[in-house]
Amino acid sequence: MTPNTPTPPKPSHPGRPPQQHASPAAAVAIDPMKLLHKYKFVLIASIFIGIVIGTAAHFLFARYAPKYTAHITFACAPAEEAVEIISVATVNETEMERFMGTQVVSMRSQKTLSKVITDPRLQQLAPSWSKNYLRKGNIDIVNAFKDFEDMVKTSAIPNTFLIRLAVTTGDQNDAAGLVTMVKDAYLSDLDLAYKSDIVARRRAIRDSLTTSNTELKALSERKARIVREGRIDSIESDQSTASAQLRLINAELLNIQQSLEALTVIRANDDAQLQRDTGIEYDSSLRAAIDESPMIMSFKQELKSLQTALVAYQEDGIQPGHRQYRQIVNQINAHRRKIEDTREELLRDAFEARVQNTITTIQQFRAQEAELSSQKEDLVEKLTELTRLSEEIADIDRQIEATIKLMGEQNTALSDLMAASSLSSSQRVTVVESATVPDLPTFPVIYIMIPAGVFLVVGLTAGIIVLNEVLDQRIKSASDIRMIPRTPSLGIIMDSSEDPSNPTPVSTAFADDPGSVFAEHFRQLRTAVGSALNKHGHQTLVVVGAMPKSGATTVITNLAQSCVASGVSTLIIDANFRRPSIHKTLDLGEGDGLGDVLAGTSSLESSIIEIDRGPSVLRVGSKTNRQVERLSSKEMKQLLKDCREKYDLVLIDVAPAIVAGDATILANSVDASMLVVRAMSEKRGQVARMSRELGDCRADFIGVLVNGVRSAAGGYMRKNIKTSFNYRTSEESAKGKPKDSAA
């Protein structure tokens, strides 16, 4: 908020500050530490009640419904220890885990438990339990089996090869007898299954041996046929010879291909010379060869003789005009022409001969290349066939070797099975701890019953507390505001009675004692409100109380004092035409005010009261001019505009929202609005409705302030108040009472 900052024009629904959205969890959000603080004595009492109930329940169950458990522990050995090596498979941890899991299920299988129920020893070893199922001298097998199945428990002990079998019943002797019968029935079934397994495995190994013999015979016959038909004895030498020939052919092919490349280049150059319009340009090597030919050499010798004769004429003084001199010169010129013509003819013949020779040579090389390529293909095909035969023989040898090895293992396994057929299965599953009559019951146990009683009572108490908190819709603190969807919170104002300095009167507490804890709450409110207003450049704020006695007027006066203390020029307008109280709160008396300015009987400047080191005040005005309809008039809008130009902040008091709709009328003319609710008075649904009504107006709804919050509502508020007060008093005693400064 800055001085003389004009309010920008707004649309019908101006951009509002970001609203806080309540997540699904926020609708039932509960602070556990706050509840513990609030209900700590109730929870402590529930702990003692739980101890009493747990102790009483222990003695009742011990007297009338005890439970005794007898158990037997079995040890499982790996398969190698039982029958040495029974098969070629390797026994590992996975096999042991699977084996133990099978035994755990088998011990309490329907077959094993049915044997116990029908065992003639049942009435002798478990008389108390069995008599419950006697019907005319016989055991009721169906009902006995259902109950007995729930009594038997089996489990593998973690990180061991041990299995525990347990039976729980109401009589300690019955428990020992029943668990013994379960053990006997299980070991009997296990021994029978073991012997059946030995017979089946012996038959499987013999069948496997027969199959292996058949495969070995077939492999041997196949190898003999390949050796006979493919002359296998000469494969290695044939492979060596063919490989050597292939290397020679590859070398010759390489030479021929290189020669062909060179000849092809020569042929291309010669063809290019033949196509030239200016004639053939013979290379120096061809010219040198022609110059050395006998014919050219003979012509050159004759030319040299003529030139010598010409020199002799010159020495004899014969002049160039002499007939003999000219005759010699003509002969020399004729010989030169003859030499050139002959050379050209010889060059042409030699060039054509070279072209023809190149063509012939290329054809010969290509024929040789084709012949060698054909020979190469034949050799590669031969080597491939030889390699295939060699690999096939090697593969057959490997199969024969593997089959012979497998037959040896199968014969060893069969011998081991024959030796193991006389062994008892108890060598794989043995009893390491026999059943004994239990001395103490497994239920009830005092150190379980007491915690269970405490847990039950405390849990029930906590559930009632939480249910009460969830169903309680009253606003108690700012956290309850945050539970309302799309409703921002401006924080809380503590109840003045919570402040150890006990500020009075409350309406001017900030001005009277700016160093109090109560005043500090209004500084925090000033920061929150200032941040919300400055974000959009707002200057006029209507403060709406939800209900009568919500404390909106007290909030306005103290907030105004706080803003003035921070250097913000502030005006309070009393627009509560129904029950005005600003003039009483500030001890200003009645006089011209808002109603008179709107009626035109008084000017704005003359109606505003300036308070020394406090906010300016525009009272409600005379009773005859307090007409609610004028709050929406153009005069009211002009008044607000004039106030914006003169003051940084304008705070407007209005009738409670539950009493009248004056707040919504003003909310369509001012920049922003806020709602004040009193803790433990209004409910969340009511506050949500009022917030929506204000939010639907033209003014930005900046949030809800919870007033009159007591530390009795729980949390850390009381401790924070005490800490703040002690800090202030210690500072004052050391330096003197400080004056409030701009925040």
Side-chain angles (χ1 to χ4, degrees), residues 32-33 35-74 104 107-108 113 116-117 122-134 140 143-160 162-183 432-469:
M33 297 305 298
L35 292 185
L36 284 175
H37 181 78
K38 183 177 180 181
Y39 297 101
K40 57 185 175 184
F41 295 112
V42 175
L43 293 173
I44 291 173
S46 68
I47 292 175
F48 285 105
I49 295 173
I51 293 174
V52 173
I53 292 177
T55 304
H58 169 77
F59 288 108
L60 287 174
F61 280 114
R63 177 68 178 84
Y64 297 105
K67 295 294 181 183
Y68 294 90
T69 300
H71 65 268
I72 295 175
T73 304
F74 298 88
V104 167
M107 287 180 190
R108 62 187 311 272
L113 299 185
V116 175
I117 299 300
L122 180 62
Q123 296 184 40
Q124 177 185 355
L125 296 179
S128 300
W129 182 79
S130 61
K131 70 179 181 181
N132 297 323
Y133 304 97
L134 283 176
D140 184 354
N143 292 324
F145 179 83
K146 290 180 180 179
D147 294 342
F148 189 52
E149 191 174 24
D150 295 332
M151 295 162 51
V152 179
K153 304 295 180 185
T154 57
S155 62
I157 301 177
N159 302 320
T160 68
L162 301 179
I163 298 176
R164 175 165 292 179
L165 168 67
V167 175
T168 302
T169 184
D171 185 272
Q172 55 200 103
N173 293 313
D174 288 356
L178 288 170
V179 77
T180 300
M181 285 190 289
V182 173
K183 177 205 68 173
V432 295
E433 186 179 358
S434 301
T436 58
V437 178
D439 297 327
L440 298 174
T442 54
F443 179 84
V445 180
I446 188 68
Y447 59 81
I448 294 178
M449 295 300 295
I450 292 179
V454 172
F455 178 79
L456 180 64
V457 175
V458 173
L460 181 61
T461 304
I464 294 173
I465 291 172
V466 172
L467 182 62
N468 178 65
E469 290 292 322

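Only a predicted model underlies this, so the values are computations on that prediction, with no experimental measurement involved.
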Q.
So does Val437 get a backbone contact from the side chain of Gln172, meaning a donor-acceptor N/O pair under 3.5 Å?
A. no

**Q.** Exam field: side chain Arg108 to backbone Glu149, donor-acceptor pair closer than 3.5 Å
**A.** yes

Let me confirm one number: the [atom1]-[atom2] distance from [X] to [Y], rounded to the nearest 0.5 Å.
X: Asp140; Y: Ile117; atom1: CG; atom2: CD1; answer: 10.0 Å
X: Ile44; Y: Lys40; atom1: CD1; atom2: NZ; answer: 7.5 Å
X: Phe74; Y: Thr154; atom1: CZ; atom2: OG1; answer: 10.0 Å
X: Met151; Y: Leu178; atom1: CE; atom2: CG; answer: 5.0 Å
X: Thr169; Y: Asp150; atom1: OG1; atom2: CG; answer: 12.0 Å

Distance-minimising heavy-atom pair for [X] and [Y]:
X: Ala435; Y: Val179; result: CB-CG1, 3.4 Å
X: Asp171; Y: Asp174; result: OD1-N, 3.0 Å
X: Leu165; Y: Lys183; result: CD2-N, 4.1 Å

**Q.** Heavy-atom side-chain contact between Tyr39 and Ile464 under 4.5 Å
**A.** no

Q. Looking at residues at least two apart in the chain, or sitting in another chain, which of them share a side chain to side chain contact (heavy atoms under 4.5 Å, CB included) with Ser434?
A. Val431

(Q) Going by side chain to side chain contact (heavy atoms under 4.5 Å, CB included), name the residues that satisfy it together with Val457, two or more places apart in sequence or in a different chain. (A) Ser46, Ile49, Ile53, Thr461

Under 3.5 Å donor-acceptor pairs involving side-chain atoms of residues 58-69, not counting sequence neighbours:
{"residue": "Thr69", "atom": "OG1", "partner": "Thr168", "partner atom": "OG1", "Å": "2.7"}
{"residue": "Thr69", "atom": "OG1", "partner": "Thr442", "partner atom": "OG1", "Å": "3.0"}

Got a list of side-chain donor-acceptor pairs under 3.5 Å for residues 123-130, not counting sequence neighbours?
{"residue": "Ser130", "atom": "OG", "partner": "Ala126", "partner atom": "O", "Å": "2.8"}
{"residue": "Ser130", "atom": "OG", "partner": "Pro127", "partner atom": "O", "Å": "3.2"}

Q: List for me each residue that meets side chain to side chain donor-acceptor pair (under 3.5 Å) alongside Asn132, sequence neighbours excluded, and say none if there are none.
A: none

Q: Identify, with sequence neighbours excluded, every residue that meets side chain to side chain donor-acceptor pair (under 3.5 Å) alongside Glu433.
A: His71, Thr73

Q | Ile465 vs Leu43, side chain to side chain contact (heavy atoms under 4.5 Å, CB included): CA-CA, chis, key distance, verdict | A | CA-CA 10 Å; Ile465 291 172; Leu43 293 173; 4.0 Å; yes

